[in-house]
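Shown next, in structure tokens, is the structure this report addresses.
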Amino acid sequence: MTATVKIKALVAGNWKMNGLKASAKEVKALSRLISKSAKKAKCDVLICPPATLIPALKEAAKGSKIAIGGQDCHAKVSGAHTGDISAEMLKDAGASYVIVGHSERRADHAETSEMVRAKVEAAHRAGLVAIVCVGETDAQRDAGETLSLIRAQLAGSLPKGITAKNTVIAYEPVWAIGTGRTPTADDVAKVHAAIRSALKKRFKVEGEAMRLLYGGSVKASNAVELMGVPNVDGALVGGASLKAADFNGIIAAYR
Ligand code: PGA
């Protein structure tokens, strides 16, 4: 018997290197927009600001369903790693999630899947949910390498024994990030089906229940279509998460 697993979607915002203390007003506005809406959003909501803003945004989100997360963490608990932040520090500041292996970190900081796996382990050690990003570049897509690349990134980036509760996967084609270009619904369906099947094979029921986000130029105008694709259980949103009204327009796909 194959029972269909019911998965609660997650709409996550990645503010990247944007935002100052005054940006807490966007979280307050989002909290009002979410609670004012006649139809309640049936998804979890997360904002990952720069680490400097985690305490202020956690405070601004008080009383709402908005969770706060980090954008990266070091693999170690503490030590001589100038400029780095540990998963334990993010947790202490008010985070409950952390994004790891974003393509901008893989590209700008030469992060390998092996390093990403150590960060996932660090996130779990600290009690954070890890959002693990995978995705192909334009050249890899043109070369027909998308699925093999993504399977390799998953195999290398995911440690043993992860669960649907402590890990989320985000498929983000590098060429779709910040470009306004998105894959077709069919293309997203193919990749997400391949991710689901790889996760089921390795993590069994946990892989079946794990949330798979799509990310890359998600906005209110394409959210309903992209979020309706089979095996898409939410979104990882960059640019359109910075303003409460825009982000709420994406969350609305789950009302
Ligand atoms: P974008 O970024 O929504 O601005 O394309 C997505 C991401 O990098 O997570």
Side-chain angles (χ1 to χ4, degrees), residues 9-19 23 26 30 43-51 53-54 57 66-73 90 95 97-111 113 116 119-120 123 128-138 140-141 146 149-150 153-154 157 167-185 187-188 191-192 195 211-227 229 232-254:
L10 169 67
V11 176
N14 171 10
W15 280 14
K16 308 192 180 183
M17 200 171 73
N18 296 291
S23 316
E26 295 299 332
L30 182 65
C43 60
D44 290 333
V45 177
L46 167 69
I47 292 179
C48 300
L53 293 181
I54 291 174
L57 265 54
I66 305 167
I68 304 298
Q71 299 176 8
D72 173 53
C73 65
L90 294 174
Y97 289 76
V98 62
I99 299 169
V100 291
H102 189 282
S103 59
E104 286 153 17
R105 302 239 17 128
R106 289 182 190 258
D108 299 353
H109 300 272
E111 287 190 9
S113 287
V116 174
K119 291 177 183 221
V120 177
L128 299 177
V129 178
I131 301 180
V132 185
C133 303
V134 295
E136 82 287 2
T137 62
D138 235 342
Q140 289 161 333
R141 177 175 180 245
T146 301
L149 183 271
I150 281 162
Q153 284 182 331
L154 289 172
S157 307
T167 308
V168 175
I169 310 296
Y171 167 54
E172 298 203 306
V174 178
W175 53 270
I177 294 176
T179 59
R181 293 165 59 205
T182 53
T184 63
D187 286 343
V188 175
V191 176
H192 277 240
I195 295 175
R211 296 191 275 197
L212 311 188
L213 313 185
Y214 167 78
S217 296
V218 177
K219 37 188 189 284
S221 58
N222 61 21
V224 170
E225 188 190 10
L226 288 166
M227 298 306 107
V229 172
V232 172
D233 313 306
L236 182 54
V237 185
S241 71
L242 293 170
K243 292 275 169 235
D246 296 342
F247 198 38
N248 187 51
I250 296 168
I251 294 165
Y254 289 102

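Heavy-atom basis, side chains included; hydrogens, waters and symmetry copies ignored. Whatever order the structure lists ligands and atoms in, that order sets their numbers, starting from 1.
Side chains of Ser23 and Glu26: no donor on one and acceptor on the other come within 3.5 Å.
Rounding to the nearest 0.5 angstrom, the gap separating the CG atom in Asp187 from the OH atom in Tyr214 is 10.0 Å.
Scanning both residues, Val174 and Ser103, for their nearest heavy atoms gives CG2-CB, 3.7 Å.
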May I have every N or O pair linking ligand 1 to the protein at under 3.5 Å, one per line with atom names and distance?
from: ligand 1; atom 1: 2 (O); to: Lys16; atom 2: NZ; distance (Å): 3.4
from: ligand 1; atom 1: 2 (O); to: Gly238; atom 2: N; distance (Å): 3.4
from: ligand 1; atom 1: 3 (O); to: Gly238; atom 2: N; distance (Å): 2.8
from: ligand 1; atom 1: 4 (O); to: Gly239; atom 2: N; distance (Å): 2.9
from: ligand 1; atom 1: 5 (O); to: Gly178; atom 2: N; distance (Å): 2.7
from: ligand 1; atom 1: 5 (O); to: Ser217; atom 2: N; distance (Å): 2.8
from: ligand 1; atom 1: 8 (O); to: Lys16; atom 2: NZ; distance (Å): 2.7
from: ligand 1; atom 1: 8 (O); to: His102; atom 2: NE2; distance (Å): 2.7
from: ligand 1; atom 1: 9 (O); to: His102; atom 2: NE2; distance (Å): 3.4
from: ligand 1; atom 1: 9 (O); to: Glu172; atom 2: OE1; distance (Å): 3.3
from: ligand 1; atom 1: 9 (O); to: Glu172; atom 2: OE2; distance (Å): 2.6

Extract all donor-acceptor atom pairs below 3.5 Å that involve side chains of residues 237-252 and protein atoms in other chains or at least two apart in sequence.
from: Ser241; atom 1: OG; to: Val237; atom 2: O; distance (Å): 3.2
from: Ser241; atom 1: OG; to: Gly238; atom 2: O; distance (Å): 2.7
from: Asn248; atom 1: OD1; to: Arg255; atom 2: NH2; distance (Å): 3.0

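Screening Val168, Asp72, Leu236 against Ile99 for a side-chain contact (heavy atoms from CB on, under 4.5 Å) leaves a single residue, Leu236.
A distance-only check finds no donor-acceptor pair linking the side chain of Arg106 to the backbone of Val116 [under 3.5 Å].
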